[in-house]
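Remember, predicted model here, so these are calculated numbers, not experimental data.
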Amino acid sequence: MAESQVDKRWLLLSGAPLHQNLWKPLSEKYQLCFVYDGVTEYAASLGVTVDNLNRYITADVQEHALTDAAHFVARVVPEMPRIQDRITGQGGNIPPDLAMADKWFPGYLLQKAQVAALMVGAFDQFLSTHDVAGCVVHEDVAPDMRMLVALTQARGLPAIHLPHAPCHLRVDGGPDIHRSTRAEWIGASGPRVAEFYVENGHDPAMIAVVGGVQWDGLYDSFITPDRDEARRVLGINDQRPALWYGATWTQTTGLRGGFDAELRGGIAKVIETARALDAWLLITLHPNDGSGADEMYLKALREANLDGLVTRFHIPYIAAAADALITQGPSNLCIDAAIQGVPACYLQTEGFDFREALPYRSDWTDLTSIVKRTLASRGDDAWQGFIAAYNAAHPDGDASGRITEWIGGLCR
Amino acid sequence: VSTDLTVTAATPRSPADLNATLYATARAWAADLDLTLGPIDVGDVFEYDVLRIFGRLLQQDAARHEVIGDGRISS
């Protein structure tokens with residue numbers, strides 16, 4: 001007999017659409033509550049009913065949270081001279097805005113503390129009335145996810161991190177927030193991802209290699225277009241090769257590489273290669289890039305008089321139409337592309353690399369010859385080994401089933 | 001073009017130095033202050049946001065002084 005909804009325990013999820021393939025199978029074992037707002041209707045459209053943590057910010061919770069935030073910042077303000085000394089005492093060239101943090105930092109913290117205190121209050125309210133089995137997050141570096149993990153573990157409940165992207169930081173890549181995770185349990189997409197966390201100090205016994213749920217959809221031929229359809233839809237009206245350039249974005253939790261000059265240099269190299277190979281150039285923006293870079297890429301494409309396009313969307317069509325992928329740095333897009341049969345290469349950047357010989361990599365002096373090698377490798381079996389190193393669910397694409405079963409064992 | 005090259009040129013930087021400075025400054029603010037909000041360690045929970053804003057300030061400053069990979073600085 002099917003378990004009724006009310007008999008099921010609750011699981012708190014981030015609600016990131018990256019994990020959407022997990023929602024349905026998890027909802028058969030648990031009742032689900034999301035932290036992210038605005039995803040509830042989307043989940044409903046997939047046939048999954050979810051609750052949202054924000055609904056538990058009652059008037060009472062709000063009143064207490066705002067007061068807690070005020071008390072918190074009141075503790076920070078008298079400490080500002082000491083904080084200021086510590087910041088400026090770190091050596092290097094401290095920019096003026098950072099050297100006078102006392103003028104803006106307390107106000108900045110007040111805003112952050114209010115949001116944090118509201119979440120703490122909502123969490124407590126939720127736990128006082130619901131039987132919670134644990135939480136599952138797709139990252140645990142941003143404040144909301146780190147809080148969810150901390151609050152869950154403080155109650156003695158399991159917190160599970162399913163890293164949404166393999167981290168390509170090299171051992172010698174310097175300090176980085178992504179090296180560590182606060183969740184006790186890690187569900188790594190593949191052996192190379194597990195290796196990364198072990199290398200950075202996580203207990204191997206607390207890591208399971210379970211596959212990457214974000215890639216499950218790429219194994220469904222029903223929802224991926226074929227090459228002819230994709231090229232027709234994208235207006236690629238001849239048989240010349242199509243190069244797909246996956247652009248990157250600037251995330252200032254790490255300061256590496258050449259910043260804007262590196263981004264401008266990357267597109268210049270790619271244009272040079274597309275011209276040398278008489279290829280179409282399909283440029284896709286990083287989903288988190290809100291910098292308006294699309295205009296920069298479009299201008300570069302037009303000035304080079306190349307056939308092509310710039311888009312943030314339509315990735316399945318781009319992947320089906322492309323002959324090879326070039327990314328700016330070792331992007332996760334290389335894995336997406338390889339799963340769809342598109343060989344990939346990347347322009348190297350400071351501190352990052354894949355842990356496998358593939359994808360091919362360019363030191364910026366040889367991109368055209370690297371792209372030629374990449375094009376020639378299409379269909380090579382070596383790509384299967386690369387994919388499996390990062391997605392243990394390859395070639396079946398059933399990570400959601402594996403992960404649901406694993407979570408079921410941890411969150412009883 | 002930087003107008004204060006005499007100051008910055010005295011302390012050559014590379015991107016790796018910048019990253020080290022970022023992490024040192026971002027961790028410095030909460031060190032030993034024992035700041036909590038309910039059951040959470042605020043220094044830990046806000047690490048990401050503080051890195052982002054300190055990183056942005058350091059990056060903007062580096063762009064003004066055009067940091068070159070081998071540690072030299074030019075205008």
Query raised in the report: Step by step, would you call Thr36(B) with Arg75(A) a side chain to side chain contact (heavy atoms under 4.5 Å, CB included)?
Result: CA-CA 10 Å; Thr36(B) 55; Arg75(A) 292 206 303 278; 4.1 Å; yes
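- Looking at Asp144(A), there are no atoms closer than 4.5 Å to chain B (heavy atoms on both sides), in backbone or side chain.
- Proximity of a side-chain donor or acceptor of Thr252(A) to a complementary backbone N or O of Arg52(B) within less than 3.5 Å is detected.
- Contact count against chain B (heavy-atom pairs under 4.5 Å) is highest for Arg86(A) among Met147(A), Arg86(A), Glu79(A), Arg82(A).
- Among all heavy-atom pairs drawn from Ala20(B) and Pro175(A), the shortest one is CA-CG, 4.5 Å.
- Contact between Ala113(A) and Leu37(B) at its shortest, heavy atoms only, is O-CD2, 3.7 Å.
- Closest non-hydrogen pair, Ile87(A) versus Ala28(B), comes out as N-CB, 4.3 Å.
- The two atoms that bring Leu109(A) and Phe46(B) nearest to each other are CD2-CD1, 3.7 Å, heavy atoms only.
- If you tally non-hydrogen atom pairs under 4.5 Å between each of Leu98(A), Val120(A), Asp97(A) and chain B, the highest count goes to Leu98(A).
- Between Phe54(B) and Phe105(A), the ring-plane angle classifies as tilted under the 30° and 60° cut-offs.
- Side-chain atoms of Asn19(B) do not come within 3.5 Å of backbone N or O of Arg256(A) as any donor-acceptor pair.
- Judged purely by atom type and a 3.5 angstrom limit, Arg146(A) uses its side chain to pair as donor or acceptor with the backbone of Asp44(B).
- A distance-only check finds a donor-acceptor pair linking the side chain of Tyr23(B) to the backbone of Thr253(A) [under 3.5 Å].
- For chain B, the nearby parts of Val141(A) are the backbone and the side chain; heavy atoms of each come within less than 4.5 Å.
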